[in-house]
Each structure stands twice: as structure tokens, then as C-alpha cells.
S.K.: 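Have a look at this one before I ask anything.
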Amino acid sequence: MRRLVTGLALLAALSGCSRKESRPAEPAATPAGNTTARADAPGAILFVSADVRGYLGPCGCSENMRGSIARAAAQVKEARKGALPVLYVDGGDSLFGEPELKPEQVPQEERKARALAEAMKDMGLVVRATGELDDARGAAFRQGLGLPELAPGGEKVLAAGARKVGVVSAADGAGLKQAAAKARAGGAQFVLGLFHGTVQQAQQAAATPELGVDLVVATHTASEFDGEENKPARDVPVVALQSKGRSLLRVDLAYGAKPGAFALQKTAADTEREAASIERRLALMDKEINLPGILPERKQLLQQKVEELVARRQALLTAPVAAAGEGDSFSVRFVPLESTLPSDPEALKVVTAYDADVGKMNLEWARAHGQDCPAPEKGQAAFVGNASCAECHEESFPVWEASKHHHAWKTLEDAGKQFHLNCTGCHVTGWEKPGGVCRLDKVAGRENVGCESCHGPGSLHAEDPSSTNIIAKPGQDVCVTCHNRENSPHFDFATYVPKILGPGHGQPPAVKPKP
């Protein structure tokens with residue numbers, strides 16, 4: 001979250017819509033632990049996830065990475081301990097990360113989708129929209145997960161204490177308007193619009209006259225890295241969540257003595273300033289914590305401060321919201337799922353079971369169906385392994401052996417993820433490259449980030465050493481294939497490169513003393 005949504009302003013046209021032929025609202029889900037919520041409660045809490053893209057949690061390659069379905073579950077279940085009803089809604093594009101899967105990806109990604117569905121059910125999911133990423137294995141697979149789906153253009157009305165909440169789904173303004181009218185006719189006083197499109201497209205849709213929607217959530221991003229931040233909009237009631245399950249949207253409804261159109265509450269200026277200040281300080285601390293070679297004492301001190309700041313911001317984001325005046329109102333806050341926040345034990349069991357299953361499944365698939373990488377074309381270099389490099393560059397190896405690149409495979413083994421397809425490629429040498437390794441059951445000898453991961457395949461160079469047939473000085477473009485925004489959000493080429501250089505490796509070899 002880069003800033004709170006306090007500057008959002010409601011469009012005047014959004015409050016109007018007729019109420020016709022009232023229909024009974026569907027009861028809100030009441031999982032165990034929500035027994036304190038009353039039917040006449042003076043408010044409600046909505047949690048919204050969207051654009052999760054098949055992420056059960058962060059990859060763990062960097063410190064303090066946001067996200068995790070277990071942390072999201074903990075937020076929802078903690079809120080259910082209060083007196084207000086809690087509704088959990090998902091905006092779609094959550095089950096898979098891409099619309100089409102390679103054959104070797106299918107076992108892992110289907111198992112992950114089932115794990116996500118299991119966790120969402122345990123969180124008391126009441127309704128979810130769908131996107132094309134949810135159909136990577138077809139509509140039948142998606143429907144077989146048994147989640148409460150909302151068809152495009154559809155509406156669902158839910159009891160939420162003393163009021164009713166409508167949830168609608170569409171991909172254009174006309175669709176939102178039509179579905180909102182049906183929800184209003186069904187008795188909904190507050191309407192949440194799940195818009196399958198980018199935040200810019202959602203803003204255009206929100207300008208539709210007499211839309212009838214109180215808050216629009218843009219649930220889709222144009223590409224994998226377009227959802228890097230939570231995005232409040234200042235001119236229209238449109239928000240977009242940070243993708244890959246890194247944040248939840250929390251909407252607090254407060255009911256006044258006189259029911260009517262919901263007004264957006266603005267957070268107090270001092271609260272907004274404090275939250276923004278905490279966000280900036282956290283970003284600076286995370287960057288320093290992730291610096292290569294940081295002293296353990298300094299890292300521990302910074303981590304303690306991070307925990308304190310996250311707790312302080314969490315108190316701001318979850319503070320009760322009272323009605324503003326006599327009318328109905330709502331507030332909107334992003335809840336970043338920071339690494340220091342608690343995880344729900346039940347959801348953690350789901351994730352742990354997935355981790356245990358998927359490695360075995362992927363390894364079995366590779367043994368039964370895996371194919372070796374194609375051989376390099378004539379005249380192209382092949383991978384030869386570190387041993388060949390050491391014949392001429394023995395002085396470089398002490399530097400490499402002291403780096404994290406040398407232990408890359410062990411970090412996966414320690415986490416039990418050495419056979420996860422999302423992780424393997426950046427922890428072995430020559431993954432899915434001609435002459436490299438394309439099978440999980442044939443990784444032996446290619447573990448870790450070796451010489452050829454950065455300098456390229458070395459067979460031609462080994463036969464005829466020359467600066468023209470090898471990448472002598474790898475640049476940033478080589479590093480960011482793995483040190484990208486997903487795996488290494490704090491990566492800075494100028495800062496990181498000196499940490500892997502030393503005598504004989506980018507620097508003059510150390511002069512050995514004469515005997």
C-alpha cells in the first residue's frame with residue numbers, strides 16, 4: 001500500500017437507483033467463531049481479494065515479502081471475533097497465474113488451485129467473480145472446486161446486519177449498471193462492483209450515469225507486473241488491489257439512524273499522514289534488510305523496528321469505524337499482508353499439505369513424461385558445468401563459494417521447494433535452455449547458480465578461450481531474469497554486484513607471498 005484511500009470522492013450520480021420488487025437477501029456465511037454477529041448489527045465489514053494469480057504465498061527469496069492466503073485468513077477470522085458480520089468476497093483471476101499451462105505445469109497448478117479453493121472456503125467466502133485466469137483448466141475444473149461463483153453480469157444480495165449488501169460483476173459500465181439495478185431491486189442498500197478490467201478501464205466505467213454502484217474494485221491487471229501497488233483513485237470511487245494476494249481490501253460499513261445513500265468517509269488527516277509515514281519507513285527498512293552482507297546485529301535491530309511499525313499501522317487499518325452523522329457511510333482501507341502479521345493455522349495446514357504433495361507430483365510427472373532439453377544448434381555453445389571452468393579459473397571459485405549463488409539449491413531444499421516449478425529455474429544452471437536441464441529428475445550436476453548462469457554456456461570458450469565467445473562482464477539484463485520484482489523486489493544492480501566480486505572474479509587476483 002503506497003497510500004490510503006482517504007482522498008476518494010463519491011460521484012454524485014452513484015447514489016441513485018430505484019428499489020423495486022424486494023427479494024429476500026441470502027444469509028451471510030457464518031463460519032465458526034462469528035457467533036457474536038447480530039442480525040441487526042449497526043455495520044458490517046467486507047474483505048475483498050482479487051488478482052491473486054494462483055499465489056498461496058510469496059516465493060520467500062527476499063526478506064519481509066508481502067502476501068499469503070494464511071495471513072489473509074487470519075485477518076478475516078480475527079475480524080469475525082467482533083460483533084459485526086463479516087463478508088469475504090473474491091474478485092476473480094485468483095486460481096491460476098496464466099491463461100494457458102504447459103503440460104508439466106498442470107499437476108502443480110491444479111493442486112495449487114484446489115488448495116486456494118480450500119482456504120477460501122474455510123475463510124467463509126460468500127461470493128466470487130471469475131476471470132480468464134480462473135479458466136486455465138477449463139470451466140468444468142473451475143466449477144468443480146465448489147466455490148460460490150457470480151456469473152458476469154450477475155448480482156448477489158447478502159444480509160449484512162441491519163442492511164443488505166449487493167455484489168455485482170461486469171466488464172463494462174452498462175453491465176455494472178444493469179446488475180446494480182437488479183441488486184437494488186433485491187433490497188441491497190450498498191452495492192459493491194467487481195469490475196473485470198484495469199483500474200483505468202474501471203474509472204471509465206464508473207463514469208456511467210446513474211451507475212448505482214457505491215464502490216468499484218478493478219479486479220484485473222493487464223500483465224503480471226501491473227499489479228505491484230494498491231491503487232486508490234482520487235476522482236471516482238474505484239480501487240485496485242496489489243496483485244498476487246499481497247493485500248486485502250477492507251470496507252467498513254457504518255449504519256446511521258437514517259438509512260439512505262452511503263457516503264464515503266474520509267480518514268482523519270493525521271491518521272493518513274501517520275500511515276503514509278509508516279509505509280515510507282517500512283520501504284526503506286526492507287531495502288536495507290535485504291542488502292547483501294548486512295551485519296546480523298543491524299538486521300535484527302531493523303527487523304524488530306519493522307514489526308513495531310507493522311503493528312502500529314495494523315492498529316490504524318483495523319480500528320472500528322463509526323457512522324458519520326445520522327446517515328449510512330463506508331470507509332475503504334488496504335491491508336498489506338506483511339510478513340510479521342499472524343497466519344491462520346488452518347490455512348497454514350492447507351499450504352503445508354500442498355508443498356508436500358506438489359514436489360512428489362512434479363517429480364513423478366518428470367519421470368513419466370519429461371523430455372530432455374534440445375541440443376544446441378551447430379556452432380552454438382553448450383553447458384559444460386563448473387568443473388570445466390575451474391580448470392582455468394580456479395582463483396574465482398573462493399569468491400563464488402562464499403556467495404549465496406553457491407547455496408541456491410540448498411535454500412530450496414531447506415524450504416522443501418526444490419521440485420516446485422515456480423522456483424527451480426533460478427536455482428539451477430541452464431534451466432530450460434538448449435543443452436541445459438529441462439527435467440526435475442535430472443537436475444543432478446546442475447544445482448546452484450553456477451558460472452554459466454551469468455556468463456552463458458561455456459563449451460566454445462572452454463575449447464578456445466576468448467572474451468568474444470563468453471559473456472565476460474554480465475550486465476543488469478542478465479541478473480534481472482531472476483532478480484526481478486517478483487523474486488527480488490529490492491534488487492539494485494550497483495549495490496549487489498560488488499558483493500559477488502573479489503580477487504580473481506572481477507578483481508585482480510590476490511598476489512601470493514613469495515616463499
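Note that these values count all heavy atoms, side chains included, but never hydrogens, waters or copies made by symmetry.
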S.K.: Are the side chain of Arg111 and the backbone of Gln108 linked by a donor-acceptor contact shorter than 3.5 Å?
M.R.: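 Between the backbone of Gln108 and the side chain of Arg111 there is no qualifying donor-acceptor contact (under 3.5 Å).
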
S.K.: Regarding Glu109 and Arg137, does a basic nitrogen lie under 4.0 Å from an acidic carboxylate oxygen?
M.R.: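 Judged by the 4.0 Å cut-off on N to carboxylate O distance, Glu109 and Arg137 do not form a salt bridge.
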
S.K.: What is the ring orientation for Phe96 with Phe141, classed by angle as parallel under 30°, tilted 30 to 60°, or perpendicular over 60°?
M.R.: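 Tilted: the ring planes of Phe96 and Phe141 meet at 30° to 60°.
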
S.K.: Keeping Glu155 on the side-chain end and Ala180 on the backbone end, is there a donor-acceptor pair under 3.5 Å?
M.R.: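 Not at all, since once roles are kept as given, no pair shorter than 3.5 Å links the two residues.
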
S.K.: Looking at Asp122 and Lys77, is there a salt bridge between them, counting it only when a charged N and a carboxylate O are closer than 4.0 Å?
M.R.: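 Counted as a salt bridge, because a side-chain N and a carboxylate O are separated by less than 4.0 Å.
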
S.K.: Please check: side-chain N/O of Gln265 versus main-chain N/O of Ala322, any donor-acceptor pairing under 3.5 Å?
M.R.: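 Side chain of Gln265 to backbone of Ala322, a donor-acceptor pair under 3.5 Å: yes, one is there.
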
S.K.: Got a donor-acceptor contact below 3.5 angstrom from the Lys156 side chain to the Val126 backbone?
M.R.: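 Between the backbone of Val126 and the side chain of Lys156 there is a qualifying donor-acceptor contact (under 3.5 Å).
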
S.K.: Does atom CD of Gln178 have more than 12 heavy-atom neighbours, drawn from other residues, nucleotides or ligands, at distances under 6.0 Å?
M.R.: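 At most 12 heavy atoms, drawn from other residues, nucleotides or ligands, come within 6.0 Å of this atom.
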
S.K.: Using atom types as modelled and distance alone, determine if a side-chain donor or acceptor of Arg71 lies under 3.5 Å from a backbone N or O of Leu337.
M.R.: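 Judged by distance alone, yes, a pair lies under 3.5 Å.
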
S.K.: Step by step, would you call Cys482 with Cys426 a disulfide (SG to SG under 2.5 Å)?
M.R.: CA-CA 6 Å; Cys482 282; Cys426 287; 2.2 Å; yes

S.K.: Does the side chain of Glu98 pick up a donor-acceptor pair with the side chain of Gln105 at under 3.5 Å?
M.R.: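 The answer is yes; a qualifying pair exists.
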
S.K.: Does Leu291 offer a backbone N or O that forms a donor-acceptor pair with the side chain of Lys299 under 3.5 Å?
M.R.: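 Pair absent, no side-chain N/O of Lys299 close to backbone of Leu291.
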
S.K.: With distance as the sole test, does Asp252 use its side chain to make a donor-acceptor pair with the main-chain N or O of Ile45 at under 3.5 Å?
M.R.: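 Looks like no, no N/O pair under 3.5 Å.
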
S.K.: Sub-3.5 Å donor-acceptor pair from the side chain of Asp134 to the main-chain atoms of Ser94, do we have one?
M.R.: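 At least one qualifying donor-acceptor pair exists.
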
S.K.: Is it true that Arg184 and Asp214 make a salt bridge, defined as a side-chain N closer than 4.0 Å to a carboxylate O?
M.R.: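 Asp214 and Arg184: salt-bridged.
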
S.K.: Taking the six-membered ring for Trp, are His220 and His196 parallel (under 30°), tilted (30 to 60°) or perpendicular (over 60°)?
M.R.: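 Tilted.
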
S.K.: May I ask you to decide if Leu133's main-chain N or O and Asp93's side chain share a donor-acceptor pair within less than 3.5 Å?
M.R.: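 The answer is yes, because a donor-acceptor pair under 3.5 Å joins these two groups.
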
S.K.: Do the side chain of Arg66 and the main chain of Lys244 share a donor and acceptor less than 3.5 angstrom apart?
M.R.: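 No, Arg66 side chain to Lys244 backbone: no donor-acceptor pair under 3.5 Å.
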
